Amino acid sequence: MGPRRSRRRRTLRLDAGSATHVGRIRDVNQDDVGTTDEAFVVADGMGGHRGGEVASAVAVEAVLDGFTGPDRASLVRAVRDANRAVLERAAADRDLAGMGTTLCALAIVDGPGGQGGEEALAVVNIGDSRVYRHDADGLVQVSDDHSLVADLVRAGELTPEEAAVHPQRNILTRALGIEADPVIDSWELQPARGDRYLLCSDGLFNELDDGRIAELVADGPVAEVASRLVAEAVAAGGHDNVTVLVVEVAEGPERPSGARPPVGAARPERSGGQVGGRPASADVPGASLRTVVASIAAVAAAVVLVAGVWSRQGWFIGSDDGDVAVFRGRPSGMLWFGPTFVEGGDLRVSLLDDSTRAAVEQTIDVGTLDEARRLIEGFRADAAAG
Ligand code: MG
């Protein structure tokens, strides 16, 4: 652990509870979660061999070490440090080449009044792990997903309902460990006593809808809430690793009466300063169309970048004309890179139980060919037993 600044007295106290589970399909839990009294982090790693596990662990530790306050900029810097740490670790070890991770975090920072003023909560995000806020008005998603389907929703090409079940919903447009200077989104929010923040990997919201998440978040102490959310996501399918961190504002200002301001747009930043990644409201006639076109081009470039990096070492299980098969490459390759058929043809997808069949049809990322073969042997044994 690195040096931490000496703390002045805080008026804000956060209570946190977390839980994580490998799920029912994967061999390895590549998610990671970490907390201090003032910072709370969830990461979802990806990459062959031990890459995914290492990337998420390196990133979480780097953010907790690097966040020394006092403001939102410090948290963004810590995420940038984490990106560098993942890249350096990958460069130093051939087995870890190409690993990456999502990351979202929440931290106590000085509010708009600066030191001595009121405290605020800073939120950062890169990738498709999520930060939600739950209060008396219900559940709202604070972070924006950096995924292909989320970009298509923002462009009006998909509905949120279509995106939630889209087979390519695991394609990321941003992550840590992919480029030297990624764009990092951040927000600053006013805390109110009783608010709960939920940080989670996609293994949660790909299994449970927001309505069910809202019911569970509201009910019980934070540690129990975290365990229950994870248990229910695993029971609902557990197709992926599931990680949940629930943070409650235990001591802090009363919520002001009246309607709460909506969660604002992210501030997207590179290290050189602010970037204009997010289309602001289109005041200028004609500006809206150009912004969307520009952002789709940027999305396509980012997807090619991400998929290009990951397609070299990925393996996945999918369906080849109704047969369970192993492919080299990333499932994202169906859009931009042709995945290569490796083996298969002796187990029909139709023989699998419902949950496994759905997972295979949506493709299952695995770290190695051996892992793919082990999983398929398990499917075969289950199918024979069933
Ligand atoms: Mg995941």
Side-chain angles (χ1 to χ4, degrees), residues 44 46 100 102 104 125-132 139-175 178-179 182-185 187 200-211 213 239-240 262-268 270 275-311 314 316 318-319 327 329-339 358-359 361-365:
D44 177 350
M46 51 220 106
T102 72
C104 62
N125 180 57
I126 180 161
D128 71 347
S129 296
R130 286 184 183 170
V131 180
Y132 293 89
L139 189 75
V140 291
Q141 186 179 336
V142 173
S143 58
D144 302 317
D145 300 346
H146 302 139
S147 62
L148 174 68
V149 292
D151 279 313
L152 293 173
V153 169
R154 286 188 281 268
E157 302 283 328
L158 283 181
T159 65
E161 295 71 29
E162 289 166 338
V165 296
H166 197 281
Q168 257 89 40
R169 65 180 182 274
N170 58 345
I171 302 178
L172 299 183
T173 52
R174 289 192 226 166
I178 305 301
E179 56 176 319
V183 178
I184 297 158
D185 284 354
W187 294 259
C200 61
S201 63
D202 64 338
L204 179 74
F205 55 81
N206 281 334
E207 302 291 358
L208 305 182
D209 63 31
D210 283 1
I213 292 172
H239 296 102
D240 193 3
V263 172
R267 184 204 287 189
R270 284 191 193 277
V275 296
R278 170 156 307 273
S281 59
D283 298 331
V284 185
S288 156
L289 180 64
R290 278 199 303 277
T291 321
V292 170
V293 170
S295 86
I296 289 176
V299 168
V303 168
V304 167
L305 170 74
V306 171
V309 170
W310 289 339
S311 65
F316 66 96
S319 166
F327 298 87
R330 286 278 151 188
S332 50
M334 288 170 193
L335 283 181
W336 281 278
F337 294 89
E361 278 164 359
Q362 288 168 21
T363 72
I364 303 168
D365 289 356

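Note that this is a predicted model, so its numbers are computed, not measured. All values below were derived from every heavy atom in this structure, side-chain atoms included, with hydrogens, water molecules and symmetry-related copies excluded.
From I126, atom CD1 reaches atom CD1 of I178 across 9.0 Å, with rounding to the nearest 0.5 Å. Note that CG of D145 and CZ of R174 are 11.0 Å apart. Values are rounded to the nearest 0.5 Å. Between the CG atom in N206 and the SG atom in C200 there is a gap of 9.5 Å [rounded to 0.5 Å]. Taken to the nearest 0.5 Å, the OG atom of S129 stands 6.5 Å off from the CG atom of D202.
Here the closest non-hydrogen pair linking P182 and A175 is CB-O, 4.3 Å. The shortest heavy-atom contact between C104 and V131 is CB-CG2, 3.7 Å.
Contact annotation: the side chain of R154 approaches that of D144 to within less than 4.5 Å [non-hydrogen atoms, C-beta and beyond].
For D210, the side-chain contact (heavy atoms from CB on, under 4.5 Å) partners are R130, Y132, L139, I213, not counting sequence neighbours. Judged as a salt bridge (charged side-chain N to carboxylate O under 4.0 Å, His left out), and not counting sequence neighbours, the contacts of D240 are R26. Every residue meeting the side-chain contact (heavy atoms from CB on, under 4.5 Å) condition with V140, not counting sequence neighbours, appears here in chain and number order: R133, V263.
With hydrogens and angles ignored, the 3.5 Å screen pairs no side-chain donor or acceptor of E361 with any backbone N or O of S319. Between the side chain of T102 and the backbone N or O of D128, no donor-acceptor pair lies under 3.5 Å. Under a 3.5 Å cut-off, the side chain of W187 and the backbone N or O of S143 do not form any donor-acceptor pair. Of the possible donor and acceptor atoms, one in the side chain of T173 sits under 3.5 Å from a partner among the backbone N and O of H146.
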*After noting the C-alpha distance and the side-chain angles of M46 and L172, does the key distance pass the side-chain contact (heavy atoms from CB on, under 4.5 Å) rule?*
CA-CA 11 Å; M46 51 220 106; L172 299 183; 3.6 Å; yes
